[in-house]
**Q** 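Here you go, one structure.
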2 protein chains.
Amino acid sequence: MNVNTKLDLQEVSQIMKLLGDKTRLTMMKMLQSQDFCVCEFVELFNMSQPAISQHLRKLKDIGLVKESRKRQWVFYSFNRDHDCAFLVEDLLKHLPDQKERLAQLEAQGLRISCD
Amino acid sequence: MNVNTKLDLQEVSQIMKLLGDKTRLTMMKMLQSQDFCVCEFVELFNMSQPAISQHLRKLKDIGLVKESRKRQWVFYSFNRDHDCAFLVEDLLKHLPDQKERLAQLEAQGLRISCD
DNA sequence: TTAGTATATAATGATGCACTTATATAAGTA
DNA sequence: TACTTATATAAGTGCATCATTATATACTAA
């Protein structure tokens with residue numbers, strides 16, 4: 001056994017359920033490397049803005065992401081303080097990075113930067 | 001980045017969806033340390049036999065478990081040949097072992113051994 | 001203030017999922 | 001053979017989930 005602190009099975013299964021959706025799993029993979037605002041996700045996923053907001057809401061409700069408003073945008077970030085953050089990060093490491101998606105955003109001039 | 005071979009995101013999300021159910025997640029945790037037959041699971045989870053069979057069917061369909069008939073029983077085992085086996089195993093390591101469940105089975109004299 | 005942009009919430013509909021009960025199949029035993 | 005035990009499959013039901021459209025809220029800029 002190489003892990004000492006054990007997580008709650010119920011909580012882990014809830015997180016797995018959230019990551020069982022392709023859109024949310026992709027979002028988390030992207031958020032692992034940088035923050036994104038809602039409108040960027042709306043451009044990247046072929047889906048309505050409310051659908052995106054609802055996915056982010058679920059991730060936020062369970063604590064996997066944090067939100068912060070910057071000017072007119074709401075940015076979401078990976079919450080590394082979550083109990084299960086390391087578990088989720090390990091899992092995401094096995095997934096292909098989503099560089100093409102980011103490149104696509106930039107190509108369309110839709111990347112939002114807020115400095 | 002500490003992982004070289006990347007898994008298919010679609011496939012991983014399907015597996016996460018399956019593990020998003022508490023019963024199946026517990027089953028996988030238990031199967032990580034030893035094989036179980038259907039009737040043992042039926043005793044341990046407060047659930048009908050068809051419900052248990054259906055959960056095991058889903059795990060089998062996606063390839064996470066294998067089945068083998070031994071005399072009148074069907075035993076299920078963790079399939080370590082699956083693409084995502086190492087990912088799933090890593091994940092399960094974070095969960096509390098289910099020793100009490102096994103102890104409960106043995107206390108009731110319901111543990112099946114097939115040698 | 002008014003208009004425009006970004007996001008969230010509400011209501012709704014279609015589909016999926018996890019159980020149930022009833023029944024079928026398969027193996028073991030008398 | 002008939003009976004029992006173990007498991008799988010089928011059909012049905014209630015509830016959850018994921019999308020949609022419509023609308024509300026929040027912020028920015030003119």
Side-chain angles (χ1 to χ4, degrees), chain A residues 9-10 13-28 31 35-62 64-77 105 108-115, chain B residues 9-10 13-28 31 35-62 64-77 105 108-115:
Chain A
L9 195 138
Q10 169 79 37
S13 81
Q14 283 172 190
I15 286 175
M16 294 302 106
K17 184 172 288 179
L18 286 191
L19 300 183
D21 179 274
K22 204 182 160 186
T23 302
R24 287 190 297 259
L25 185 61
T26 307
M27 285 173 161
M28 289 306 294
L31 289 171
D35 298 356
F36 287 91
C37 77
V38 181
C39 62
E40 292 173 313
F41 282 136
V42 172
E43 288 302 322
L44 288 178
F45 296 97
N46 193 22
M47 205 175 286
S48 69
Q49 173 269 317
I52 297 295
S53 273
Q54 285 157 13
H55 281 306
L56 289 166
R57 177 79 139 79
K58 289 181 186 186
L59 293 172
K60 195 186 108 186
D61 282 349
I62 212 168
L64 285 179
V65 303
K66 290 184 291 193
E67 74 173 36
S68 61
R69 191 171 267 280
K70 288 179 190 165
R71 296 173 48 203
Q72 69 264 51
W73 300 289
V74 176
F75 280 78
Y76 283 85
S77 59
L105 256 191
Q108 295 175 276
L110 295 169
R111 182 79 177 117
I112 308 252
S113 66
C114 222
D115 306 315
Chain B
L9 195 139
Q10 169 78 38
S13 80
Q14 283 171 190
I15 286 175
M16 294 302 104
K17 183 172 290 179
L18 285 191
L19 300 183
D21 179 273
K22 204 182 161 186
T23 302
R24 286 190 297 259
L25 186 61
T26 306
M27 285 174 162
M28 290 305 296
L31 290 172
D35 298 355
F36 287 92
C37 77
V38 181
C39 62
E40 291 173 313
F41 282 136
V42 172
E43 288 302 323
L44 287 178
F45 297 96
N46 194 22
M47 204 174 287
S48 68
Q49 173 269 317
I52 297 295
S53 274
Q54 284 156 13
H55 282 305
L56 289 166
R57 177 77 140 79
K58 290 184 183 188
L59 293 172
K60 195 186 108 186
D61 282 349
I62 212 169
L64 284 180
V65 304
K66 291 184 290 193
E67 73 175 36
S68 62
R69 192 173 267 279
K70 286 178 192 165
R71 298 174 45 204
Q72 68 265 51
W73 301 289
V74 176
F75 280 78
Y76 283 84
S77 58
L105 255 191
Q108 295 176 275
L110 294 170
R111 183 80 176 113
I112 308 251
S113 66
C114 221
D115 306 314

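Lettering of chains follows the sequences in order, A, B, ..., and the numbering in each one begins at 1. As a basis for the values below, the full set of heavy atoms in this structure was taken, side chains included, without hydrogen atoms, waters or symmetry mates.
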**Q** Determine whether Ile112(A) and Phe36(A) make a side-chain contact, defined as any pair of heavy atoms from C-beta on separated by less than 4.5 Å.
**A**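 Side-chain contact under 4.5 Å: no.
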**Q** Would you say dT17(D) has OP1 or OP2 under 4.0 Å from some side-chain N or O of Lys58(A)?
**A**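 Checking dT17(D) against Lys58(A), no side-chain N or O comes under 4.0 Å of OP1 or OP2.
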**Q** Search all heavy atoms of Cys39(B) against all heavy atoms of Trp73(B) and return the closest pair with its distance.
**A**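 Closest pair (atom of Cys39(B), atom of Trp73(B), distance): SG-CD1, 3.9 Å.
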**Q** Under 4.0 Å between a side-chain N or O of Arg71(A) and OP1 or OP2 of dT5(C)?
**A**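 Negative; the distance criterion is not met.
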**Q** Give one of base, sugar-phosphate or nothing for Lys60(B), where a contact means two heavy atoms less than 4.0 Å apart.
**A**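 The residue Lys60(B) makes no contact with any strand.
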**Q** Using a distance-only criterion (donor-acceptor N/O pair, under 3.5 Å, no hydrogens), is the base of dA8(D) paired with the side chain of Gln49(B)?
**A**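 Answer is yes: a donor-acceptor pair is held.
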**Q** With a 4.0 Å cutoff (strictly under), does any side-chain N or O of Tyr76(B) reach OP1 or OP2 of dA6(D)?
**A**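 No, no such contact exists.
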**Q** Could you tell me how far apart Asp21(A) (CG) and dT15(C) (C1') are, to the nearest whole angstrom?
**A**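 So the CG-C1' distance, Asp21(A) to dT15(C), works out to 14 Å.
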**Q** Tell me which nucleotide among dT9(D), dT7(C), dC19(C) gets nearest to the side chain of Met47(B).
**A**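 In terms of side-chain proximity for Met47(B), the closest of dT9(D), dT7(C), dC19(C) is dC19(C).
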**Q** Rounded to the nearest Å, what distance is computed from the CG atom of residue Leu18(A) to the P atom of nucleotide dA16(D)?
**A**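 It is 15 Å, rounded to the nearest whole Å.
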**Q** Which of the following nucleotides, dT20(D), dA8(D), dA26(D), is nearest to the side chain of Val74(B)?
**A**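 Nearest to the side-chain atoms of Val74(B), counting from C-beta on, is dA8(D).
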**Q** Does His55(B) make a side-chain N or O approach to OP1 or OP2 of dC17(C) shorter than 4.0 Å?
**A**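 Result: no.
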**Q** Is the shortest heavy-atom distance from the side chain of Lys60(A) to the side chain of Leu56(A) under 4.5 Å?
**A**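 A side-chain contact is absent here, since even the closest heavy-atom pair is not under 4.5 Å.
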**Q** For dT9(C), does either OP1 or OP2 sit under 4.0 Å from a side-chain N or O belonging to Arg57(A)?
**A**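 The answer is yes; a side-chain N or O of Arg57(A) sits under 4.0 Å from OP1 or OP2.
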**Q** Indicate whether OP1 or OP2 belonging to dT7(D) is found under 4.0 Å from a side-chain N or O atom of Ser53(B).
**A**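 No, no such contact exists.
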**Q** For the pair made of CH2 in Trp73(A) and P in dT25(D), what is the distance, rounded to whole Å?
**A**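 It works out to 23 Å between those atoms.
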**Q** Atom CD1 of Ile52(B) to atom C1' of dA6(D): distance rounded to whole Å?
**A**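 The distance from CD1 of Ile52(B) to C1' of dA6(D) comes to 14 Å, rounded to the nearest Å.
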**Q** At 4.0 Å (heavy atoms only), tell me whether Phe41(B) reaches a base, stays on the sugar-phosphate, or touches nothing.
**A**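 Counting heavy atoms under 4.0 Å across all strands, no contact is made by Phe41(B).
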**Q** Heavy atoms only, 4.0 Å cut-off, all strands: where does Lys22(B) land among base, sugar-phosphate and nothing?
**A**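 No contact.
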**Q** When the nearest nucleotide of DNA chain C is assigned to Lys17(A) and to Val42(A) on a heavy-atom basis, which residue is associated with the more 5' position?
**A**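 Result: Val42(A).
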**Q** Can you check the Phe36(A) CZ to dA6(C) P distance for me, whole Å?
**A**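 Spelled out: CZ on Phe36(A) to P on dA6(C) is 17 Å.
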**Q** I need the minimum non-hydrogen distance between Val38(A) and Ser53(A), along with the two atoms involved.
**A**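 So the minimum-distance heavy-atom pair works out to CG1-OG, 4.1 Å.
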**Q** Which heavy atom of Arg24(A) sits nearest a heavy atom of Lys17(A), and at what distance?
**A**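 Answer, listing the atom of Arg24(A) first, then Lys17(A): NH2-O, 3.8 Å.
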**Q** For Glu40(B), answer base if it contacts any base atom (sugar-phosphate contacts may also be present), sugar-phosphate if it contacts only those atoms, and nothing otherwise; contact means non-hydrogen atoms under 4.0 Å.
**A**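 Nothing, no heavy atom under 4.0 Å.
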**Q** Under 3.5 Å, is there an N or O donor on one side and an acceptor on the other linking the side chain of Gln54(B) and the base of dT20(C)?
**A**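 Yes.
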**Q** dT9(C), dA19(D), dA6(C): which one has an atom nearest the side-chain heavy atoms of Cys39(A)?
**A**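 When the side chain of Cys39(A) is considered, dA6(C) is the closest of dT9(C), dA19(D), dA6(C).
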**Q** Nearest nucleotide by nearest heavy atom, which residue falls closer to the 5' end of DNA chain C, Val38(A) or Asn46(B)?
**A**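 Here Val38(A) is the residue nearer the 5' end.
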**Q** Rounded off to whole Å, could you give me the CZ-to-C1' distance for the Phe45(B) and dA18(C) pair?
**A**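 Rounded to whole Å, this separation is 14 Å.
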**Q** Could you state the CG-P distance from Asp61(A) to dC18(D), rounded to the nearest angstrom?
**A**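 It works out to 13 Å between those atoms.
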**Q** Can you find a side chain N or O atom of Arg24(A) that sits less than 4.0 Å from OP1 or OP2 on dC18(D)?
**A**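 Yes, within the criterion.
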**Q** Heavy atoms only: give me the nearest Leu19(A)-Leu25(A) pair and the separation to one decimal.
**A**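 The answer is O-CB, 3.6 Å.
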**Q** Determine the minimum heavy-atom distance between Glu40(A) and Asp35(A), stating which atoms define it.
**A**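 That closest heavy-atom pairing would be OE1-O, 4.4 Å.
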**Q** Touch check for Gln72(B), heavy atoms < 4.0 angstrom, all strands: base, sugar-phosphate only, or nothing?
**A**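 The answer is sugar-phosphate, as Gln72(B) gets under 4.0 Å only of primed atoms, P, OP1 or OP2.
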**Q** To the nearest angstrom, how far is Leu56(A) atom CG from dT17(D) atom P?
**A**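 Whole-Å distance recorded here is 17 Å.
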**Q** Would you say Ser48(A) reaches dT20(D)'s phosphate, i.e. side-chain N/O to OP1/OP2 under 4.0 Å?
**A**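 Answer yes for this pair, as a side-chain N or O of Ser48(A) is under 4.0 Å from OP1 or OP2.
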